[in-house]
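Any value given below was found using the heavy atoms of this structure, including those in side chains, with hydrogens, waters and symmetry copies removed.
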Amino acid sequence: MASMQKRLQKELLALQNDPPPGMMLNEKSVQNTITQWIVDMEGASGTLYEGEKFQLLFKFSGRYPFDSPQVMFTGETIPVHPHVYSNGHICLSILTEDWSPALSVQSVCLSIISMLSSCKEKRRPPDNSFYVRTCNKNPKKTKWWYHDDTC
């Protein structure tokens, strides 16, 4: 547990001091706990999401960084994207089977920015309605089927 807290403190400082473009740690979210963060995000300029504001929720288990964080969009606005379900779950392989302890909150944020920025058409995943009705609240418990890398 101590190594997890040490790692999270280091990543927290990195996110506060050098956040990825368009990302900012919601300071209120870490006042009471280090295991749950909210990151405020703004869509990158020149993309379909330019100027739109989103929030990412990060939840860390006691096994972090060996276990990936639970990451999902939260709040009032969930981006309409082929890999983002209307409940905020994100279909992104580094959040589950391709996770590595070498990855960090910053690298996850950059992957999500990249995923949104490369999108060519705003639409929900084809199975959105069924998935949202039947999924676990924890997106890490989903057996994702990664069938494409495009929007």
For this session: For Asp40, enumerate each residue passing the side-chain contact (heavy atoms from CB on, under 4.5 Å) test, keeping only those at least two apart in sequence or located in another chain.
Result: Asn26, Ile38, Gln55

For this session: Show your working on side-chain contact (heavy atoms from CB on, under 4.5 Å) between His89 and Tyr131 and close with a plain yes or no.
Result: CA-CA 10 Å; His89 290 194; Tyr131 175 79; 2.5 Å; yes

Exercise. Hey, does Trp99 have a side-chain heavy atom less than 4.5 Å from the side chain of Pro69?
Worked result: yes

For this session: Flag the pair Lys137 / Asn87 as yes when at least one side-chain heavy-atom distance between them is below 4.5 Å, and no otherwise.
Result: no

For this session: Answer whether the closest heavy-atom distance between the side chains of Val105 and Val71 falls below 4.5 Å.
Result: no

For this session: Go through the structure and list residues passing side chain to side chain donor-acceptor pair (under 3.5 Å) with Ser68, not counting sequence neighbours.
Result: Lys140

For this session: Could you tell me which residues satisfy ring-ring contact (aromatic ring centres under 6.0 Å, His included) with Tyr49, sequence neighbours excluded, listed by chain and number?
Result: none

For this session: With the side chain counted from C-beta on, respond yes when Ile90 and Phe73 share a heavy-atom pair under 4.5 Å apart, and no when they do not.
Result: yes

Exercise. According to a 4.5 Å side-chain heavy-atom criterion applied to Ile, Leu, Val, Met, Phe, Trp and Tyr, with indirect links allowed, do Leu48 and Met23 form part of one hydrophobic cluster?
Worked result: yes

Problem set entry | Heavy-atom pair with the smallest gap, counting every atom of Ser104 and Ser107 | N-OG, 2.7 Å

For this session: Only pairs at least two apart or in different chains count here, so list each ring-ring contact (aromatic ring centres under 6.0 Å, His included) that has a residue in residues 14-45.
Result: Trp37-Phe60

Exercise. Considering residues at least two apart in sequence or located in another chain, which fulfil the side chain to side chain donor-acceptor pair (under 3.5 Å) criterion with Gln9?
Worked result: none

Exercise. Going through the checks in order, is the side-chain contact (heavy atoms from CB on, under 4.5 Å) test met by Asn138 and Lys59?
Worked result: CA-CA 10 Å; Asn138 181 346; Lys59 289 184 180 180; over 6 Å; no

For this session: Establish whether Phe66 and Phe58 are linked, either directly or via other cluster members, by ILVMFWY side-chain heavy-atom contacts under 4.5 Å.
Result: no

For this session: Rounded to the nearest 0.5 Å, what's the gap from OG on Ser117 to CD1 on Ile112? Could you check?
Result: 11.5 Å

Exercise. Do Leu116 and Met41 come within less than 4.5 Å of each other through their side chains, counting heavy atoms only?
Worked result: yes

Under 3.5 Å donor-acceptor pairs involving side-chain atoms of residues 12-22, not counting sequence neighbours:
| unit_1 | atom_1 | unit_2 | atom_2 | d |
| --- | --- | --- | --- | --- |
| Gln16 | NE2 | Glu27 | OE1 | 2.9 |
| Gln16 | NE2 | Glu27 | OE2 | 3.4 |
| Asn17 | ND2 | Leu13 | O | 3.2 |

Seminar exercise, completed: Sequence neighbours excluded, the answer for side chain to side chain donor-acceptor pair (under 3.5 Å) partners of Glu11 is Arg7, Tyr64

Exercise. Hey, any chance Ile113 and Ile94 share a hydrophobic cluster, counting ILVMFWY side chains that come within less than 4.5 Å of each other, even indirectly?
Worked result: yes

Exercise. Mind checking what makes side-chain contact (heavy atoms from CB on, under 4.5 Å) contact with Ser86, not counting sequence neighbours?
Worked result: Arg124, Asn128, Val132

Exercise. Any side-chain heavy atom of Leu92 within less than 4.5 Å of one from His83?
Worked result: no

Exercise. With sequence neighbours excluded, what pairs up with Glu52 under the side chain to side chain donor-acceptor pair (under 3.5 Å) test?
Worked result: Lys122

For this session: Grab the two heavy atoms, one from Pro82 and one from Pro125, that are nearest each other, plus how far apart they are.
Result: O-CG, 3.1 Å

For this session: Would you kindly confirm whether Leu56 and Met24 end up in one hydrophobic cluster when ILVMFWY residues are joined by side chain heavy atoms under 4.5 Å apart?
Result: no

For this session: Please report the shortest heavy-atom distance between Gly51 and Glu42, naming the atom on each side.
Result: CA-OE2, 3.8 Å

Exercise. Can you tell me how far the CD atom of Gln70 sits from the OG1 atom of Thr96, to the nearest 0.5 Å?
Worked result: 12.0 Å

For this session: Go through the structure and list residues passing salt bridge (charged side-chain N to carboxylate O under 4.0 Å, His left out) with Lys10, not counting sequence neighbours.
Result: none

Exercise. Would Met72 and Val84 satisfy side-chain contact (heavy atoms from CB on, under 4.5 Å), going step by step from the backbone distance to the final call?
Worked result: CA-CA 9 Å; Met72 56 191 284; Val84 179; over 6 Å; no

Exercise. Should Gln36 and Val30 count as side-chain neighbours, where that means a heavy-atom distance under 4.5 Å?
Worked result: no

Exercise. Which distance, rounded to the nearest 0.5 Å, do you find between the CZ of Phe54 and the CD of Glu76?
Worked result: 12.5 Å

For this session: For Ser114 and Leu110, indicate whether the former's side chain and the latter's backbone hold a donor-acceptor pair under 3.5 Å.
Result: no

Exercise. In chain order, what residues pass the side-chain contact (heavy atoms from CB on, under 4.5 Å) check against Ser100, with sequence neighbours excluded?
Worked result: Ala102, Leu103

Exercise. Can you name the residues that form a side-chain contact (heavy atoms from CB on, under 4.5 Å) with Ser45, not counting sequence neighbours?
Worked result: Glu50

Exercise. Heavy atoms, side chains only, cut-off 4.5 Å: are Ile78 and Tyr85 in contact?
Worked result: no

